[in-house]
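Whatever order the structure lists ligands and atoms in, that order sets their numbers, starting from 1. Heads up: numbering here begins at 1 and tracks the sequence.
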Amino acid sequence: MTDSRPMNVLVVGGGIAGIVLAILLERDGHRVTIVERAPEIMPVGGGITLTMNGIGMLRRLGLMDDLEPYLHKIKRINIDAIRLGTLSSFMLDDEKSSREVYSVLRSDLHSRLLAHLRMTRMVKGTSVHLYSQSPEGVSVTFSDGRNEWFDIVAGCDGINSATRASMFGEAGRSFAGYASWRFLAKSDGVYDPSLITEVWGIGKRFGIVPLPGGLVHCFAATNCRDSCGENENMDVTAFKAMFRGFGSASDYFVEQVSHSSQLMYNGLEDIRLPAWYSGRIVLVGDAAHGMTPNLTQGASMALEDAYVLAMALRNGSSVEAAFSWYFQCRRRRVLAIQKKSWWLGKVAQIASPWLCRLRDRCWKRIPDRWLQGDLEKLLVETTDAFYSPAKA
Ligand SMILES: Cc1cc2nc3c(=O)[nH]c(=O)nc-3n(C[C@H](O)[C@H](O)[C@H](O)COP(=O)(O)OP(=O)(O)OC[C@H]3O[C@@H](n4cnc5c(N)ncnc54)[C@H](O)[C@@H]3O)c2cc1C
């Protein structure tokens with residue numbers, strides 16, 4: 001920045017985006033405060049899959065070494081159909097680093113990332129009540145009544161971001177038409193620990209992701225009318241009835257659900273905004289561009305965002321130029337991934353039995369290398385040259 005004095009930065013939200021952004025900004029000498037609504041930083045959702053671009057970014061940022069022991073290598077990803085068996089199989093185990101895919105417990109990912117924070121002030125159990133901007137900075141009133149002044153604010157407060165709502169209201173939100181439950185189960189040796197499987201049914205699907213420590217992370221999705229309607233408080237018996245019959249391993253894991261508190265529910269949606277900043281407030285990660293999880297890209301996109309935003313603040317001639325550069329640089333890539341993920345979700349959730357039969361037969365005929373090549377082009381680790389506004 002031409003004015004290179006350290007800035008006083010507020011990061012709202014201590015998820016993946018917020019923690020990594022804080023790490024990068026404190027490395028650049030800025031004074032960073034993270035304000036997190038939860039009384040403790042609680043990673044939500046059991047396990048997470050990290051693809052090659054996210055892994056590449058963790059390496060680039062020097063965050064990989066102590067995370068490595070907590071990662072679980074995935075060697076193959078299958079898409080199956082209940083009636084036709086395996087439709088596609090993506091091999092990842094050919095020593096090509098560009099195909100690295102790992103699963104990790106969210107709790108391990110968070111604690112390893114948090115361990116990299118040195119100077120950041122962490123304020124837990126608090127959220128932001130009010131922002132009031134001027135061209136010089138942002139006056140922030142917290143939920144505990146305190147008022148502080150910051151040079152910039154980064155809204156990293158997730159898909160239901162209050163920061164985003166304060167800037168754009170409910171604009172840009174689209175419900176995907178389906179919702180999901182996630183839960184952890186014990187593998188007990190009944191499932192291949194190197195394989196991710198997603199099984200497509202009729203208007204619903206079931207997925208299994210192996211995790212370290214003999215655990216599996218399961219996800220189950222079904223079509224529904226709205227994001228937090230009839231399914232949010234589904235009882236365990238109804239859940240089990242809905243997701244029985246996706247294969248013997250799935251049945252084994254579904255049977256391990258004994259209480260609804262084991263299930264984590266999400267109505268799935270996409271956020272597409274005309275801008276990710278307004279004045280001195282900028283959005284990062286899900287707050288900027290929440291997406292459906294079909295390509296497992298949310299965490300990787302949050303990492304890439306944090307990297308580009310920190311770089312933009314380092315090199316921009318002003319805060320406004322940096323935010324604009326960040327948005328220009330990121331929006332096209334993020335939109336391409338959002339669109340592909342949305343489309344894949346629609347295909348996976350087809351509800352008409354005859355269309356499902358057609359889908360399964362057609363999909364089975366597509367050579368695996370086509371689908372794999374298409375995905376790799378999108379998810380390949382990006383280079384420094386990619387992160388330039390000229391590319392945007
Ligand atoms: C079903 C499902 C499966 C997924 N699977 C994958 C996967 O396999 N791989 C992958 O890469 N991504 C996956 N994702 C997406 C991934 O979880 C998110 O993209 C990622 O967590 C985004 O990180 P974030 O930091 O932007 O937001 P979050 O992780 O949501 O963090 C936001 C933080 O902000 C805090 N917060 C919220 N509101 C406030 C407030 N008002 N004030 C202060 N703090 C606040 C929250 O408590 C939280 O700590 C999945 C998502 C879903 C729904």
Atoms of ligand 1, numbered as shown, that sit under 4.0 Å from any heavy atom of [X]:
X: G285; answer: 26 (O)
X: V35; answer: 43 (C), 44 (N)
X: C156; answer: 32 (C), 33 (C), 34 (O)
X: G15; answer: 25 (O), 31 (O), 33 (C), 49 (O)
X: V12; answer: 42 (N), 43 (C)
X: L268; answer: 53 (C)
X: T49; answer: 7 (C), 8 (O), 9 (N), 10 (C), 11 (O)
X: G298; answer: 10 (C), 11 (O), 12 (N), 15 (C), 19 (O)

Any Lys/Arg nitrogen of [X] or [Y] sitting under 4.0 Å from an Asp/Glu carboxylate oxygen of the other?
X: E304; Y: R60; answer: no
X: R121; Y: E148; answer: yes
X: R330; Y: D305; answer: yes
X: E26; Y: R118; answer: no

Per [atom], closest listed option by heavy atom ([options]):
atom: atom 24 (P) of ligand 1; options: A288, A17, G155; value: A17
atom: atom 14 (N) of ligand 1; options: R182, M301, R106; value: R106
atom: atom 35 (C) of ligand 1; options: M291, E36, M264; value: E36
atom: atom 7 (C) of ligand 1; options: T163, I48, V284, L50; value: I48
atom: atom 34 (O) of ligand 1; options: G13, S180, G267; value: G13

Steps toward side-chain hydrogen bond (donor to acceptor under 3.5 Å, both in side chains) verdict (S324, Q328): CA-CA 6 Å; S324 164; Q328 293 303 323; 4.7 Å; no

F246 and F206 aromatic ring geometry - parallel, tilted or perpendicular at 30°/60° bounds: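 Tilted: the ring planes of F206 and F246 meet at 30° to 60°.
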
Counting heavy atoms only, which part of D286 comes closer than 4.0 Å to ligand 1: side chain, backbone, both or neither?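 Contact part for D286 vs ligand 1: both backbone and side chain.
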
Heavy-atom distances under 4.0 Å decide this one: backbone, side chain, both or neither, for P293 against ligand 1?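 Side chain only.
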
Checking D188 now: which residues fulfil side-chain hydrogen bond (donor to acceptor under 3.5 Å, both in side chains) with it, not counting sequence neighbours?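 Result, side-chain hydrogen bond (donor to acceptor under 3.5 Å, both in side chains) vs D188: Y252.
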
For the 3.5 Å polar cut-off, considering only N or O atoms, please tell me whether S127 and ligand 1 meet it.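 Looking only at distances, the answer is no, because the N/O contact criterion of under 3.5 Å is not met.
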
Going by distance only, is there an N or O of N266 that falls short of 3.5 Å from an N or O of ligand 1?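 Min N/O separation from ligand 1 is not below 3.5 Å for N266.
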
Tell me whether I159 reaches ligand 1 (any heavy atom closer than 4.0 angstrom to a ligand atom).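 Outside the 4.0 Å threshold, so no.
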
Taking atom types as modelled, is there a side-chain donor on E100 or Y102 under 3.5 Å from an acceptor on the other?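 E100 vs Y102: donor-acceptor pair found between side chains.
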
With a cut-off of 3.5 Å and sequence neighbours excluded, list every side-chain donor-acceptor pair involving residues 273-282.
residue: R280; atom: NE; partner: P135; partner atom: O; Å: 2.8
residue: R280; atom: NH1; partner: E136; partner atom: O; Å: 3.4
residue: R280; atom: NH1; partner: D151; partner atom: O; Å: 2.8

Please tell me if the side chains of W342 and S174 come closer than 4.5 Å, counting only heavy atoms from C-beta onward.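 W342 vs S174: side chains touch.
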
CG on D251 to CD on Q256, rounded to 0.5 Å: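 These two atoms lie 12.0 Å from each other.
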
